[in-house]
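Here's the structure we're looking at; comments come further down.
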Amino acid sequence: MAALVYGGVLARHPDLDICISHGGGALPFLMGRYEGIAKFRDWAPESVREKGFRHEVRKLWFDAHVEGKGARDLLIEAVGRDRLVYGTNFGGWDTPTSTSAFDASLTPNAERLLRLGG
C-alpha cells in the first residue's frame, strides 16, 4: 500500500479501485510512521505531502478479514469503516465458519465498490 501511495498511483488514477486483503496487513499499525514520512520526505508526491498519507490511503478498499476486535478497531481507525468490505480466505485455513452483524453491515460498501445497485 505504501508503494501505491508514495508512488503516486492513487493520485494519477483517481477512479482506480483496489481492494487490499486482510485489512492491509501491518498498515494500521504503521499508519503513524507513514504519516510522518509523508511530512518529512521530499520524494513523497505532492498530494501525499499536502493531504497526508492517511487521506490518500483512504482511497483504497480493505477486506475486514482480521483477527480479533482489537485488530478490527485499529483497522477502522486507520482507514475508516466506509472503506471496508467483508472478505474471506475462501478455502484457506482461516476461512470463517460464520459471519457477524459487523460483516453484514459492510454490504453497502461492497455494493459501492462493485458498482451494484442504483
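What's counted below: heavy atoms across the whole structure, side chains too, no hydrogens, waters or symmetry copies. Everything numeric here is computed off the predicted structure, so don't read it as measured data.
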Going by heavy atoms in the side chains, are [X] and [Y] under 4.5 Å from each other?
{"X": "Tyr86", "Y": "Asn109", "result": "no"}
{"X": "Leu84", "Y": "Phe102", "result": "yes"}
{"X": "Leu60", "Y": "Met1", "result": "yes"}
{"X": "Tyr34", "Y": "Val5", "result": "no"}
{"X": "Trp61", "Y": "Val79", "result": "no"}

Taking all heavy atoms of [X] and all of [Y], pick out the closest pair and write down the distance.
{"X": "Ala38", "Y": "Ala44", "answer": "O-CB, 4.2 Å"}
{"X": "Pro108", "Y": "Ala104", "answer": "CD-O, 4.4 Å"}
{"X": "Ala11", "Y": "Pro14", "answer": "O-CD, 3.8 Å"}
{"X": "Asp82", "Y": "Arg112", "answer": "O-NH2, 3.1 Å"}

request  = Check the pair Val48 / Lys51 against side chain to side chain contact (heavy atoms under 4.5 Å, CB included), numbers first and verdict last.
outcome  = CA-CA 5 Å; Val48 178; Lys51 297 180 181 175; over 6 Å; no
Got a donor-acceptor contact below 3.5 angstrom from the [X] side chain to the [Y] backbone?
{"X": "Asp73", "Y": "Gly70", "result": "no"}
{"X": "Arg81", "Y": "Leu75", "result": "no"}
{"X": "Arg83", "Y": "Lys59", "result": "yes"}
{"X": "Arg49", "Y": "Ser47", "result": "no"}

message = Working to the nearest 0.5 angstrom, can you tell me the gap between Leu74 CG and Lys69 NZ?
response = 11.5 Å
message = Once rounded to the nearest 0.5 Å, what's the spacing between atom CD of Glu50 and atom NE2 of His55?
response =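 Taking CD in Glu50 and NE2 in His55, the distance rounds to 10.5 Å.
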request  = Step through the shown structure and confirm whether more than 12 heavy atoms of other residues, nucleotides or ligands are within 6.0 Å of CD on Glu77.
outcome  = no
Shared hydrophobic cluster for [X] and [Y] (ILVMFWY, side-chain gaps under 4.5 Å):
{"X": "Phe29", "Y": "Val66", "result": "yes"}
{"X": "Leu106", "Y": "Ile18", "result": "yes"}
{"X": "Leu10", "Y": "Leu30", "result": "yes"}
{"X": "Leu113", "Y": "Ile76", "result": "no"}
{"X": "Leu4", "Y": "Val85", "result": "no"}

message = Just to verify, what does Tyr6 make a ring-ring contact (aromatic ring centres under 6.0 Å, His included) with, not counting sequence neighbours?
response =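 Tyr6 satisfies ring-ring contact (aromatic ring centres under 6.0 Å, His included) with Trp43, Phe53 only.
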